[in-house]
**Q** 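Take this structure, written in structure tokens, and hold onto it; I'll ask about it next.
Residue numbers run from 1 in the order of the sequence given.
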Amino acid sequence: MSNSSENLYRLDGRVPLGKALPFGLQHVLAMFVSNITPIMILAAAVGLDSAVSAALIQNCMVIAGIGTLVQLFPVWRIGSRLPIVMGISFTFLSLAIGIAGTYGMGTLIGAVIVGGLVEGLLGLFVKYWIKLIPHVVSATVVTAIGFSLLPIGANSFAGGMGAPDFGSMNNWIVGTVTLLACLLCQVFAKGFLRSLSVLVGLIVGYVLACFMGMVNFDSLSGHSIIALPRLLPFTPEFNIGAILSVVAVYLVSATETIGDTSALCNSALKRDPETKEMGSAICCDGFVSSVSGLFGCTPITSFSQNVGLAAISGVVNRFTIGVGAVVMIIGGVFPTIGAALTTIPQAVLGGCTIMMFGSILFAGFGMMARAGFSQRNMVIVSLSLSVGLGFTQATGMFAIFPEIVRTVFAENCVAVVFLLAVILNLVLPKKVMGE
């Protein structure tokens, strides 16, 4: 196919670099903040020093670029050949903070590596199990993810858990202004700028924090100009409870990837996804997540905001999005970029993520609407969410169970919701309560 700008709206074909670069950067900018935020929140919650945090941000930028390239240009059966943009997942954040805070980063990384291999292998055999996760189960799980992330966003908004100025007036002001900037841009901006509402909010909040003296630039000195990503910044340790807990959330992540793949094909490519494409997308999720663990990062997954961007803009060209992925990798080899990003105050991140986490809840509600509000679905959703969200708020209930059960379920509402939703879907009759 010829080298033409018209190929922007086709899956295959080359696009002149002058055209591909800005459209590729658009996809990078749409996900950039979301990609680095989980690592920044995790590092702050666990108490990692600024040098390690900067290295992890550098690594996650490289991993996001590599994962996107693998999705676009598959290696064997790993990758879907679809315009899916990959990045560090929020889905694992609450669990990651719990494991790293209790057992250390090494245990978390060990679980990420093993769990990624499990998800990758599941992707190879997707046709045998995909019917276990119908729309109602996926919708329930996504809704639970949204609920589980809200306290994380609130803690960041207030300055970060354990911060000496937690809940201070300065944090309230910066968080509120950041949130309002995101909201106003989302409501009143149009086209490209609307898709960058989170980035706009971050910039506004960061500038305000600078004027208020809340930004510390000490971490910017002493860095080399270029440095390769650091392999194995933490020594992996393998705890069976942590591994099972993370594997459970990997299954949840796989359902999100199935949803993103379906949404992309239906909205941007105007067709239904093939089972093979969904399996290959899950393979990329899993195996690249194991690579992410080797670089000290949490798992990677498809980014829903980029699915929406592809649907709005119509730009689905693999070469174009690949250019953006290469830019992300190049940015990841400059340590100063990672160090600069660690100076963003937690209140700014909280202001950005509150609405982002709420949008995950909204996506779950939308998925429920598509699944239908039958009596059977009502039982699955209401009981799964009630038990999953309720019981994990009263963690002492799990004291009678073995440690491995407590590790997997006691504080992991997503795992409880997922397991219960799958079981209910299997055991409930297709027609319940007089339907």
Side-chain angles (χ1 to χ4, degrees), residues 32-64 87-113 149 151-153 155-166 171 202 206 209 214-224 227-239 242 246 289 291-300 331-350 352-353 411:
F32 185 80
V33 176
S34 302
N35 180 53
I36 64 174
T37 300
I39 291 294
M40 296 175 70
I41 293 177
L42 173 63
V46 178
L48 301 180
D49 63 48
S50 59
V52 175
S53 300
L56 293 183
I57 290 173
Q58 180 184 351
N59 287 0
C60 78
M61 292 168 65
V62 173
I63 289 297
I88 302 299
S89 174
F90 271 111
T91 304
F92 295 82
L93 183 55
S94 55
L95 177 62
I97 291 173
I99 293 175
T102 303
Y103 301 101
M105 284 295 295
T107 299
L108 171 63
I109 295 309
V112 168
I113 293 170
L149 290 172
I152 295 173
N155 281 318
S156 290
F157 189 99
M161 184 64 75
D165 63 343
F166 187 85
N171 285 328
L202 185 144
Y206 187 74
M214 298 173 61
V215 180
N216 184 353
F217 295 103
D218 292 343
S219 63
L220 296 182
S221 59
H223 294 284
S224 58
L228 295 177
R230 182 180 171 187
L231 185 65
L232 289 177
F234 310 102
T235 302
E237 299 175 14
F238 301 98
N239 177 296
V246 169
S289 288
V291 176
S292 181
L294 294 175
F295 285 92
C297 297
T298 48
I300 194 171
V333 302
F334 291 93
T336 304
I337 295 177
L341 294 172
T342 64
T343 66
I344 300 174
Q346 284 290 305
V348 176
L349 294 176
C352 290
T353 54
E411 298 182 8

**Q** Test your reading of the model: is there a side-chain donor-acceptor pair from Asn59 to the backbone of Ser292, 3.5 Å cut-off?
**A** no
**Q** Are the side chains of Phe92 and Pro38 in contact, using a 4.5 Å heavy-atom criterion?
**A** no
**Q** Minimum heavy-atom separation for Ala209 and Val348, please, with both atom names.
**A** CB-CG2, 4.4 Å
**Q** Determine yes or no for a side-chain-to-main-chain donor-acceptor pair under 3.5 angstrom, with Glu237 supplying the side chain and Gly106 the backbone.
**A** no
**Q** CG of Asn35 to SG of Cys60: how many Å apart, nearest 0.5 Å?
**A** 4.5 Å
**Q** What's the spacing between Leu294 CG and Leu232 CG if we round to 0.5 Å?
**A** 5.5 Å
**Q** Which atoms form the tightest heavy-atom contact between Val52 and Asp49, and what is the distance?
**A** N-OD1, 2.8 Å
**Q** Just how far is it from atom CE of Met61 to atom CZ of Phe334, taken to the nearest 0.5 Å?
**A** 10.0 Å
**Q** How about Pro233 and Leu56: do any of their side-chain heavy atoms sit closer than 4.5 Å?
**A** yes
**Q** Side chains of Ile41 and Asn155: closer than 4.5 Å at any heavy-atom pair?
**A** no
**Q** Which pair of non-hydrogen atoms, one from Val62 and one from Pro229, has the smallest distance, and what is that distance?
**A** CG2-CG, 3.6 Å
**Q** Working to the nearest 0.5 Å, report the span between CG of Leu42 and CE of Met105.
**A** 5.0 Å
**Q** When rounded to the nearest 0.5 angstrom, what distance separates CD1 in Ile300 from OG in Ser89?
**A** 9.5 Å
**Q** Please tell me if the side chains of Asn171 and Phe157 come closer than 4.5 Å, counting only heavy atoms from C-beta onward.
**A** no
**Q** Kindly indicate whether the side chain of Phe90, heavy atoms from C-beta on, has any atom under 4.5 Å from the side chain of Ile152.
**A** no
**Q** Let me confirm one number: the SG-CD1 distance from Cys297 to Ile63, rounded to the nearest 0.5 Å.
**A** 6.0 Å
**Q** Side chains of Pro299 and Ile88: does their closest heavy-atom pair fall under 4.5 Å?
**A** no
**Q** Just by distance, do the side chain of Ser156 and the backbone of Gly153 share a donor-acceptor pair under 3.5 Å?
**A** no
**Q** Which pair of heavy atoms, one from Gly160 and one from Gln346, lies closest together, and at what distance?
**A** N-CB, 3.9 Å
**Q** Answer whether the closest heavy-atom distance between the side chains of Leu95 and Leu108 falls below 4.5 Å.
**A** no
**Q** Which heavy atom of Phe234 sits nearest to which heavy atom of Ile109, and what is that distance?
**A** CD1-CG1, 4.1 Å
**Q** Minimum heavy-atom separation for Ile57 and Met40, please, with both atom names.
**A** CD1-CG, 3.6 Å
**Q** For Val215, is there any backbone N or O sitting under 3.5 Å from a side-chain donor or acceptor partner on Thr343?
**A** no
**Q** Does a side-chain heavy-atom distance below 4.5 Å link Leu93 with Thr298?
**A** no
